[in-house]
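Written below as structure tokens is the structure these notes are about.
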2 protein chains.
Amino acid sequence: MDEEVLYDLAELFKMFGDSSRVRILYALFDGELNVSDLSDALSMTQSAVSHQLRILKQGKLVKARREGKSMYYSLADDHVRIIMDAGLEHVTEE
Amino acid sequence: MDEEVLYDLAELFKMFGDSSRVRILYALFDGELNVSDLSDALSMTQSAVSHQLRILKQGKLVKARREGKSMYYSLADDHVRIIMDAGLEHVTEE
DNA sequence: TGAACATATGAACAGTTATTCATCTGTTCA
DNA sequence: TGAACAGATGAATAACTGTTCATATGTTCA
């Protein structure tokens, strides 16, 4: 196994290794949301949400689209769901 | 979704969010290894490996068994592999 | 028992990171 | 154009984390 792949893998999991980001991603499971929707839903400041969205976007886990003044964010692809589901199964197993 | 579950999920992914731990886990894919095997294979100090193994053990991702002076570590269950495979698919996709 | 080996662990340090605050950019609409 | 709204961003701070170093614990065997 290439060392670089394992490095990238750790970088990927780092994205999911913060509860704010996990909550954001989970909130996007049902579809796209804009920044203020997310702030409200998660009781986070607009700035904190925006900072985390930038990280998630850099990591290609979410994508953004502008609609007027708002930016709507959604999950970038199915992998996000697959990875989170794999983790959820571990966490919720009894 | 229970907030606590998402918190636990982030805690789980934190385990995978460090390249030393990911390398250790991947090294254990082929079967159990003791601490010095791991140190040698990964070019890490014994102490660093041991510290990370403690974290992985607390997170129930690895289990340990003593054999004489050595401690043999192995993956705790299939979820570890499943989660890493899910991540690897994302990372190695082109 | 005591030497040698394998691993664990605590303290300290350096590097990283999430949040907050203040401010800036971008968009709409009157 | 300018006010109002939505979001982005840089700097600062506090908290967290991985590694190293030194040392302790645990095991074997002569």
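For the numbers below, each heavy atom of this structure counts, side chains included, while hydrogens, waters and symmetry mates do not. Order of the sequence lines sets the chain letters (A, B, ...), proteins ahead of strands, with each chain counted from 1. What you see is a predicted model; the values in this text were computed from it and never measured.
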Within this structure, what is the [atom1]-to-[atom2] distance between [X] and [N], rounded to whole angstrom?
{"X": "A/Ile55", "N": "C/dA18", "atom1": "CD1", "atom2": "C1'", "answer": "8 Å"}
{"X": "B/Leu53", "N": "D/dT17", "atom1": "CG", "atom2": "C1'", "answer": "17 Å"}
{"X": "B/Lys57", "N": "C/dA8", "atom1": "NZ", "atom2": "P", "answer": "7 Å"}
{"X": "B/Asp18", "N": "D/dT19", "atom1": "CG", "atom2": "C1'", "answer": "10 Å"}
{"X": "A/Lys14", "N": "C/dT16", "atom1": "NZ", "atom2": "P", "answer": "9 Å"}
{"X": "A/Ile24", "N": "C/dA18", "atom1": "CD1", "atom2": "P", "answer": "11 Å"}
{"X": "A/Lys69", "N": "D/dA6", "atom1": "NZ", "atom2": "C1'", "answer": "7 Å"}
{"X": "B/Leu56", "N": "C/dT7", "atom1": "CG", "atom2": "C1'", "answer": "16 Å"}

Contacts table for residues 39-46 of chain A: side-chain donor-acceptor under 3.5 angstrom, sequence neighbours left out:
| residue | atom | partner | partner atom | Å |
| --- | --- | --- | --- | --- |
| A/Ser39 | OG | A/Val35 | O | 2.8 |
| A/Thr45 | OG1 | A/Ala48 | N | 3.0 |

Contact class for A/Tyr73 (heavy atom, under 4.0 Å): base, sugar-phosphate, or nothing?
-> sugar-phosphate
Is the number of heavy atoms from other residues, nucleotides or ligands within 6.0 Å of [atom1] ([X]) greater than 12?
{"X": "B/Glu93", "atom1": "CD", "answer": "yes"}
{"X": "A/Gln58", "atom1": "CD", "answer": "yes"}
{"X": "B/Lys63", "atom1": "NZ", "answer": "yes"}

A/Arg81 to A/Phe29 six-membered ring, cation-pi geometry met (6.0 Å, 45°) = yes
Look at B/Gln52 and D/dT19 and indicate whether a side-chain polar atom (N or O) is within less than 4.0 Å of OP1 or OP2.
-> yes
Return no unless some side-chain N or O of A/Arg21 is found under 4.0 Å from OP1 or OP2 of C/dT17.
-> no
Assign each of A/Arg66 and A/Glu11 the nucleotide of DNA chain C bearing its closest heavy atom; nearer the 5' end lies the nucleotide of A/Glu11
Over all atoms of both residues, closest heavy-atom pair of A/Arg66 and A/Lys69 = NH1-O, 3.5 Å
Per the under-4.0 Å heavy-atom filter, residues of residues 29-51 of chain A near DNA chain D come out as A/Asn34, A/Val35, A/Ser36, A/Gln46, A/Ser47, A/Ser50, A/His51
Which one, D/dC5, C/dT9, C/dC5, comes nearest to the side chain of B/Arg54?
-> C/dT9
Does C/dA30 pair with anything, Watson-Crick or G-U wobble, both distances under 3.5 Å, and if so, with which nucleotide?
-> D/dT1
Linking I/L/V/M/F/W/Y whenever their side-chain heavy atoms sit closer than 4.5 Å, directly or via other members, would B/Val91 and B/Ile82 fall into one cluster?
-> no
